[in-house]
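Scroll down for the structure; my scribbles are underneath it.
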Amino acid sequence: MEKLDVLERYLGQLHSDNIMCIPDIWNKYVGFGNYKRISENIIAVNTVKFYRFVIKRIKELKDDISTDIKDSQIYCAMPRYTMAWDIHNQGELSNGTLIRMLILLPMLKEMKINVLYLLPITEYSNRNKKGDMGSPFAIKDFYKLDPNLHDELVDDLENFTLNDEFHVLVEASHILGIRVVIDFIPRVTARDCNIIREHPDWFYWIKKDYEKDFVTPEIPGLDFFQECTEDNLQQVYSAESTKKHLKQFVLSPNQQDKEEWQRILNEVDTQGADLFELIEERMGITTSPAHSDWINDVQPIWTDITFWKLFLDNNEKAEQYVEKDQPPYVMFDTIKANKFPAKIPNQGLWDLFTDVLEYYTKEFKLDGFRFDIGHTLPKELLDKLFDKVREYVDNPIFISEDLFNRNHESAMTTGYNIMLGSSWKEVEDITKQSYEKFILELSEMKIQAYACAETHDTPRIVSRKGGVDLARGLAIVNDFLPNGVHFILSGYEVNEQQPMNCGLADNTGGAKIDKAFFNNIFIDWTSKNAYEMVDYLIQVNRMKFKYKSMIKPESLKLLDVGEKCIGFSYGDNLTIFFNLDFENQSEIHLNNINLAEYKESMNSKSEDFTVIVNNDTMQLAPAGAAVLLRKR
């Protein structure tokens with residue numbers, strides 16, 4: 001019996017008076033009528049009856065799954081955050097669960113979402129955590145799900161595990177025609193990852209005293225956020241800061257002192273001592289904190305994670321610059337194992353990664369993976385991983401985190417079919433010249449790229465100049481970009497302001513604010529414009545799917561619509577406009593582009609979805625966008 005059916009049967013046998021308080025927007029697309037309103041935007045429901053109705057509603061909305069990557073509309077969620085709420089109405093936040101994610105599925109279906117991408121859901125470490133929750137990217141155990149994602153709803157359901165709760169979410173998503181993708185983290189892991197016991201030499205180690213002052217070497221003469229290449233490799237390694245940095249790396253504990261290592265293991269086995277703490281205390285070493293692979297990046301050190309050692313030797317191009325007895329180390333080049341591979345693969349680690357993907361694909365019937373920092377993996381490893389997934393999934397989704405459109409050919413050649421790309425950078429400071437160049441780049445790409453206003457690593461779009469108007473305008477533009485996969489980060493649909501993280505395009509000035517990656521926070525589902533934005537996205541996405549056959553990158557044309565606006569069309573039929581003036585209304589003269597007659601339109605203007613046209617002149621609201629379809 002499928003796990004969703006098991007849950008449904010269990011709920012059908014329960015008679016409980018337990019009440020759950022939820023934002024009423026969660027129920028809008030579920031349609032449960034037997035609720036009590038406890039405030040303007042919050043309702044109380046009988047927990048069991050409500051979940052029974054949710055499952056019934058999901059089965060009523062049954063739809064086929066499309067495996068065409070070009071049709072993808074991605075919704076990115078972190079369950080513990082996405083569905084966090086004070087469900088007991090006692091002033092205490094309850095983190096989101098896998099089962100609670102079911103409530104959101106009917107809304108996603110209405111929004112034409114067909115890919116649910118989940119940020120890490122595996123068990124993570126609390127060591128060196130940055131906030132009160134810790135980062136889900138600090139993977140402690142690949143094969144265990146995060147216990148925080150368990151739902152009390154099934155506490156009394158015998159033999160129903162956390163794995164079963166994940167099965168329920170995947171099965172329900174598939175019923176709705178929504179494919180499920182999860183994050184796979186093959187480049188970094190928790191500083192105290194459970195693999196250390198069996199394979200301490202799969203990690204990089206430093207002197208414990210260096211940890212508090214650990215920084216990436218500053219390379220004189222190179223720009224901020226510059227990529228490490230063969231051309232600047234000598235400059236990187238000749239820097240005094242690099243030489244000092246390398247001297248802090250040491251051999252793994254089992255290689256340093258085999259006898260002491262064995263004594264530590266014995267103490268762990270006989271006394272239940274903490275392995276990682278003993279290593280730090282007795283041997284004075286610790287795993288190296290992780291960091292950006294970009295030279296002179298301002299991102300802070302990632303103190304809660306460390307890099308996996310993908311190769312057992314150093315890249316031959318770098319060997320000439322380091323001492324022959326140099327212990328294994330991490331630098332800008334070694335992180336990029338795709339461009340600076342060594343000769344001896346860490347085969348045991350590669351086999352582990354392959355086994356992990358096989359486990360999740362077979363066990364949960366997943367549809368693909370996003371590979372965190374995956375663009376830095378060597379092609380030989382990616383080939384193994386992709387081939388393993390393809391054994392179980394037809395046309396799986398493979399998402400690369402590569403940050404720039406210019407790398408689309410290498411991403412495609414490597415085996416990816418979707419990449420992050422440059423949207424995150426373009427919305428940081430939109431100009432006519434840069435955005436038109438961006439659109440043209442997209443039209444020539446070999447694979448699909450995120451068309452997004454924000455990601456889980458950037459500030460929220462409503463925190464930028466243009467605010468909600470910009471968020472609405474970009475919703476239209478992103479839906480119609482060539483080779484674009486509309487990417488919606490959980491919270492965007494209700495104009496959430498608090499970021500999940502700010503590693504890219506940060507606009508906070510380094511302010512210490514709570515972030516969902518590290519803190520127990522929630523989306524404001526009761527915000528003023530929540531209903532408007534969700535309904536708006538539904539309308540925009542419906543229009544996109546209605547005319548998706550017209551979105552042909554090879555027929556894209558940029559239009560001359562003045563200095564303050566961008567216009568592009570597909571052939572002579574479908575036209576999109578975007579006002580780059582975030583403070584003032586702009587005019588577009590339709591006769592100038594032979595578009596005086598049109599039959600259907602949509603505008604991002606908040607108070608009216610209809611394009612305002614007077615005497616062949618279209619008025620675009622500040623940061624507004626519009627779609628026009630020519631009469632035939």
Side-chain angles (χ1 to χ4, degrees), residues 23 76-86 91-96 118-120 124-138 146 148 183 188 191 212 214-216 224-225 289-292 294 297-305 372 401 403 420 423-430 452-471 474 487-530 533 582:
C76 174
M78 190 166 79
R80 81 171 195 199
Y81 158 72
T82 297
M83 302 306 290
W85 199 255
D86 179 14
E92 183 176 342
L93 188 63
S94 169
N95 60 259
L118 301 176
L119 292 166
Y124 59 87
S125 172
N126 284 314
R127 189 176 298 275
N128 299 316
K129 65 181 183 180
K130 294 183 178 181
D132 52 28
M133 285 289 285
S135 169
F137 287 87
D146 175 11
N148 292 303
D183 245 329
V188 296
R191 296 277 301 280
K212 64 181 184 299
F214 187 93
V215 293
T216 53
F224 155 72
F225 207 65
H291 56 80
S292 169
W294 294 86
D297 194 353
V298 296
Q299 287 191 62
I301 297 300
W302 305 330
T303 56
D304 53 350
I305 54 178
D372 187 67
E401 197 190 1
L403 301 175
L420 169 54
S423 284
W424 65 274
K425 184 66 176 174
E426 295 303 323
V427 300
E428 180 183 14
D429 183 20
I430 300 176
C452 61
E454 59 195 23
T455 77
H456 51 271
D457 275 321
T458 71
R460 293 288 188 171
I461 192 64
V462 293
S463 72
R464 299 192 184 280
K465 184 179 179 181
V468 172
D469 288 336
L470 178 59
L474 284 172
F487 177 94
I488 295 177
L489 179 66
S490 182
Y492 175 71
E493 69 271 39
V494 291
N495 299 312
E496 176 59 44
Q497 298 190 40
Q498 199 160 7
M500 295 182 71
N501 194 30
C502 289
L504 298 174
D506 188 6
N507 65 352
T508 66
K512 292 184 178 180
I513 57 177
D514 287 348
K515 304 181 181 84
F517 269 17
F518 316 109
N519 299 97
N520 189 26
I521 62 175
F522 64 98
I523 293 170
D524 184 6
W525 293 98
T526 63
S527 64
K528 177 182 177 182
N529 299 314
M533 190 64 174
F582 296 171

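Here the structure is a predicted model, which means the values were calculated and not measured. All values below were derived from every heavy atom in this structure, side-chain atoms included, with hydrogens, water molecules and symmetry-related copies excluded.
- Contact check for N507 versus S463: side-chain heavy atoms found under the 4.5 Å cut-off.
- Between V298 and F224 there is a side-chain heavy-atom pair separated by less than 4.5 Å.
- Counting only heavy atoms from C-beta outward, the side chains of L119 and C76 approach each other to under 4.5 Å.
- Looking at E496 and V462, their side chains never come closer than 4.5 Å, going by heavy atoms from C-beta outward.
- Considering only heavy atoms from C-beta on, I301 comes within 4.5 Å of H291 through its side chain.
- Under the 4.5 Å side-chain criterion, counting only non-hydrogen atoms from C-beta, K130 is not in contact with S135.
- To the nearest 0.5 angstrom, W85 atom CH2 is 14.5 Å from N95 atom CG.
- Taken to the nearest 0.5 Å, the OH atom of Y124 stands 7.5 Å off from the NZ atom of K129.
- In this structure E454 satisfies the salt bridge (Lys or Arg N to Asp or Glu O under 4.0 Å) test together with R460, sequence neighbours excluded.
- Each of D183, D457, T455 was scored for a side-chain contact (heavy atoms from CB on, under 4.5 Å) with E401, with one residue passing: D457.
- The shortest side-chain heavy-atom distance between I523 and S490 falls under the 4.5 Å cut-off.
- Inter-residue side-chain proximity for L403 and F225 is flagged as met; some heavy-atom pair is nearer than 4.5 Å.
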